[in-house]
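Residues take their numbers from the sequence shown, with the count starting at 1. Both ligands and their constituent atoms are indexed starting at 1 by order of listing. For the numbers below, each heavy atom of this structure counts, side chains included, while hydrogens, waters and symmetry mates do not.
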Amino acid sequence: MRVLIGSSAEHVARIAADNVLAGLAHHGHGKNPVLGVATGSSPLGLYRELRVAVAEGRADFSNAQGFALDEYIGIPDTHELSYRQTLITEVCNTFGLPVSGLHTPRGMADSVEEIEAAAHAYDQAIKASGGVQVQILGIGSNGHVGFNEPGSALRSRTRIKRLAAQTRIDNARFFDGIEHVPTHCVTQGLGTVLEAGRLVLVATGEAKAEAVALAVEGPLSASCPGSVLQLHQDAVVVLDEAAAAGLKKRAYYDDAAEGISLENLRVH
Ligand SMILES: N[C@@H]1[C@@H](O)[C@H](O)[C@@H](COP(=O)(O)O)O[C@@H]1O
């Protein structure tokens with residue numbers, strides 16, 4: 001795992017965008033990007049940086065596919081608070097990933113079985129695309145990734161999940177009161193997320209410091225779903241100072257952030 005700490009919101013966004021683009025070049029050879037996209041405030045600066053990269057000719061998402069991490073159950077995907085509409089605004093309309101290439105889990109159906117079948121088909125669609133090359137992630141204040149709440153199986157697949165009380169409180173700001181926040185969602189499983197070529201997790205602000213410390217330095221545990229990043233071969237965690245405040249091995253991360261080159265290996 002690489003832990004990179006930016007000095008400002010803009011710096012965090014730039015570091016994250018650079019790591020997304022490098023990840024696409026490495027895991028996807030730059031052609032037909034398959035990007036895992038997340039809602040939430042954490043990746044918004046990163047999305048704006050991807051727009052800059054497109055404008056400067058350093059990136060092209062016009063043939064890309066995007067797979068969302070999650071969707072609320074019970075909100076039509078045409079509703080402005082659905083994650084589909086949120087991602088159309090924040091991803092498609094920002095850096096040009098085509099709406100026709102945006103996949104979101106199905107959160108509305110006539111039966112639970114239909115939602116479960118669609119969740120299974122979602123995992124198959126990810127596989128059929130060749131797999132997510134770079135997965136963008138945020139982290140909830142309770143350590144959730146996607147909507148994999150504490151207690152989620154570390155090898156879980158896309159499925160229906162009950163939202164934690166804390167998550168509903170955190171997300172109530174988007175709704176007219178907590179009673180309107182859905183109680184359930186469909187989320188990619190932690191096992192699904194782990195299959196992406198690279199994971200880029202962005203977290204900012206002191207409210208994330210405890211979750212980040214547990215995810216990065218705590219034990220691998222379903223109690224902190226973010227700790228599953230410790231199992232991944234190419235995970236990058238991009239933080240601001242506030243979100244990094246609970247880390248004990250900060251000096252090491254700063255040293256390692258120099259990267260690996262013949263020069264800094266100091267073999268001569
Ligand atoms: N399902 C989403 C997550 O994908 C997101 O990472 C998290 C953090 O959101 P924010 O970045 O706004 O703090 O909350 C939501 O519940």
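Residue Gln85 qualifies as enclosed at atom CD: its count of foreign heavy atoms under 6.0 Å is above 12.
Relative orientation of the Phe95 and Tyr47 rings is tilted, given thresholds of 30° and 60° on the angle between their planes.
Among protein residues, Thr39, Gly40, Ser41, Ser42, Asp70, Tyr83, Gly138, Ile139, His144, Gly146, Phe147, Asn171, Arg173, Lys208 come within 4.0 Å of ligand 1, judged on heavy atoms.
Between Cys224 atom SG and Gln230 atom CD the span is 8.5 Å, to the nearest 0.5 Å. Rounding to the nearest 0.5 Å gives a distance of 11.0 Å between CD1 of Ile75 and SG of Cys185. Distance check, rounded to the nearest 0.5 Å: OH of Tyr122 to CD of Gln188 gives 5.5 Å.
No side-chain N or O of Asp234 forms a donor-acceptor pair with one of His26 less than 3.5 Å apart.
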